[in-house]
Amino acid sequence: MTFTSFTEKVASWQRNHGRHDLPWQVDRTPYRVWVSEIMLQQTQVVTVLAYYGRFLQHFPDVFTLANAPVEAVLSLWAGLGYYSRARNLHRCARELVLRHGGRFPATATELAALPGIGKSTAAAISAFCNGERVAILDANVKRVLVRYHAVHGDIRSAATERQLWSLADRSVSSLADVQSLSPYTQGLMDLGAMVCTPRRPLCQQCPLAAECCALAQGIVDRLPVRAAARATRTARAMWLLQGVDADGRVFLIRRGDQQIWGGLYCLPDYCDRETAVAAGQALGWELQAELAPVSHTLTHLDLSIHRLVYRSDSKRGRKGGLHGYWVTREQLHTYGLPAPVKRMLQLPVAASRGGAQIVKNDSNK
Ligand code: SF4
């Protein structure tokens, strides 16, 4: 096995069997590649395809993105998850306009100094758009390298990360010509996504099969190694106040950037029922119904979401110390709403999962 043989096989396979018609492969500008790379972090291509075109339609370049309010960006991101990516994208666009005149820096090192652009994303932008000979190392590429070289260390450890960067660097350095840089870089991504998949990799179709150490050793299904993750899942109950006024408007608040669903709009939330009911009273709202909880799973958190439905005659959202907005049904789609809240607001109250349980009116308005 040589690094040259590895890179040649990957580049040649990509030219013949890789993906060539993804929207971000057409008219490859740093802006388009950047948006796609950020969207693709922890997200599958098929999911990103549903968002990418719409996002580019609204924000065709870095200037429109920088000039937009962050709420508009979050609104188009709603449902993709990991919302800090959207906030960083927006922050980065502003920095690019303010400090770089809207132009992307020409090297991966400079790109990686921008907010939200990691080393691998910076390399992907610079390799595809500037022809810079730099290595990428996203999750798909890590899996290919780990198996090809039979790396046995825990894939989450810093030592394995260093080892993989070293292998990735040596590989890209061995490329015979710079014309192969783009197919090689894309080929690594495609191989990881299409052939060397997490489960049931298609080794018999893999251009690397003859030299793959994991395949030779019969340990493909044991790599990458993941040390047992600590039990980090927690459960949390959340009480949402759904305030509806006489005109059918819904009361929304903007969540803090550091909270779950940071920057998105949500019904006011509380961590226990007592506090939620007290908040409803402070607002002068009238409790109409308490709905059975619905479950929502986040990466490390199982949420049990309870909903208290209130009626309010007030059209102002500042009463009770709560700053928010009364939003009509027609306006709701312009607000970035977390998926479960979106689902709740689109459903008629009586059709909520678990059914509705009417409780006695709260007379303390
Ligand atoms: S031969 Fe199998 S395990 Fe090895 S790189 Fe190819 S798909 Fe992955």
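Just follow the structure's listing: the first ligand is 1, and inside any ligand the first atom is 1.
- Salt-bridge annotation for Arg311 and Asp245: absent, with no side-chain N of the basic residue lying under 4.0 Å from a carboxylate O of the acidic one.
- Other residues, nucleotides and ligands place more than 12 heavy atoms under 6.0 Å from the CZ atom of Arg236.
- Atom NE2 of His58 is surrounded by 12 or fewer heavy atoms from other residues, nucleotides or ligands within 6.0 Å.
- Residue Gln44 qualifies as open at atom CD: its count of foreign heavy atoms under 6.0 Å is 12 or below.
- Between Phe6 and Tyr148, a ring centre-to-centre spacing shorter than 6.0 Å is recorded.
- Contact shell of ligand 1 (protein heavy atoms, cutoff 4.0 Å): Arg147, Val195, Cys196, Cys203, Cys206, Ala209, Cys212, Leu215, Val220.
- Contact check on Glu161 versus Arg156 returns no salt bridge, with no Lys/Arg side-chain nitrogen under 4.0 Å from an Asp/Glu carboxylate oxygen.
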